[in-house]
Amino acid sequence: MSVTNIEGRFNDANGHYTLVVGRFNAFVVESLVTGAIDCLVRHGVDADNIRVVRVPGAFEIPLAVQKVAAQGKDDAIIALGAVIRGGTPHFEYVSGEASSGISKVSLESGIPVTNGVLTVNSIEQAIERSGTKAGNKGEEAAISALEMVSLLRQLEA
């Protein structure tokens, strides 16, 4: 008996990618953007095939992702932003809606949409996840997008 194993690769996912980026907490988010773009380019994506769409904050990301997906121009969309917990329940509403909206668009459109929106308890955690101690979650979202593009191409072949 032979088991077929299908998984995405990182060297055959050239194509068109859009980053949908929340501007709120830009001091953290811009590091995520830099990490994502660097990752895509290092894995063979032409910089001319990467675009960045900026929205006010994480809550607005799903609508922009939906519009980008509807254009049908991208192989994958990468959502980036940062929601930092404060003293009110606002954090739960924004982070929950952003996350569920992002995943809904991916499922409905069939286009990989990776979630690089940080949802953290403190500014320190945000900084750690945007390129210091805990890596760069923008880069991680980009590598996931590359892998999913490759995987879906294999499944469609």
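All values reported here derive from a predicted model rather than from experimental measurement. All heavy atoms count here, side chains included; hydrogens, waters and symmetry mates do not.
- A donor-acceptor contact closer than 3.5 angstrom is absent between the side chains of H16 and D74.
- Annotation: salt bridge (charged side-chain N to carboxylate O under 4.0 Å, His left out) contacts of D38 (sequence neighbours excluded): R42.
- For E124, the side chain to side chain contact (heavy atoms under 4.5 Å, CB included) test picks out S122, with sequence neighbours left out.
- Side-chain contact check for V52 versus T18: every heavy-atom pair is 4.5 Å or farther apart.
- Residues in residues 142-157 take part in these salt bridge (Lys or Arg N to Asp or Glu O under 4.0 Å) pairs, two or more places apart or across chains: D75-R153.
- F27 is not connected to V83 by any chain of hydrophobic side-chain contacts under 4.5 Å among Ile, Leu, Val, Met, Phe, Trp and Tyr, and they are in different clusters.
- The number of heavy-atom neighbours closer than 6.0 Å to OH of Y93, taken from other residues, nucleotides and ligands shown, is 12 or below.
- Side-chain contact between V21 and V55: absent, with no pair of heavy atoms (C-beta onward) separated by less than 4.5 Å.
- The backbone N or O of L151 lies less than 3.5 Å from no partner atom in the side chain of E7, so there is not a single donor-acceptor pair.
- With contacts defined as side-chain heavy-atom distances shorter than 4.5 Å, the pair Y17/V45 qualifies.
- Here the side chain of S150 pairs a donor or acceptor atom with the backbone of R9 at under 3.5 angstrom.
- With hydrogens and angles ignored, the 3.5 Å screen pairs no side-chain donor or acceptor of S99 with any backbone N or O of S95.
- For residues 14-30, every residue pair satisfying the salt bridge (Lys or Arg N to Asp or Glu O under 4.0 Å) rule, not counting sequence neighbours, is listed here: E30-R54.
- I77 and L80 end up in different hydrophobic clusters when Ile, Leu, Val, Met, Phe, Trp and Tyr side chains are linked at under 4.5 Å.
- Within the 4.5 Å cutoff, the side chain of R85 has no heavy atoms near those of the V120 side chain.
- Hydrophobic cluster membership differs between V113 and V149, with clusters built from Ile, Leu, Val, Met, Phe, Trp and Tyr side chains linked at under 4.5 angstrom.
- By the side chain to side chain contact (heavy atoms under 4.5 Å, CB included) test, V41 is found to be paired with I37, A47, I50, residues two or more places apart in sequence or in another chain being considered.
- Between V68 and V65, every side-chain heavy-atom pair lies at or beyond the 4.5 Å cut-off.
- If you chain together hydrophobic residues whose side chains sit under 4.5 Å apart, V33 and V53 never meet in one group.
- Annotation: side-chain hydrogen bond (donor to acceptor under 3.5 Å, both in side chains) contacts involving residues 60-71, sequence neighbours excluded, comprise R51-Q71.
- In this structure the side chain of I143 reaches within 4.5 angstrom of the side chain of F10, judged on heavy atoms.
- Contact record, N136 with G35: ND2-CA, 3.8 Å, taken as the closest heavy-atom pair.
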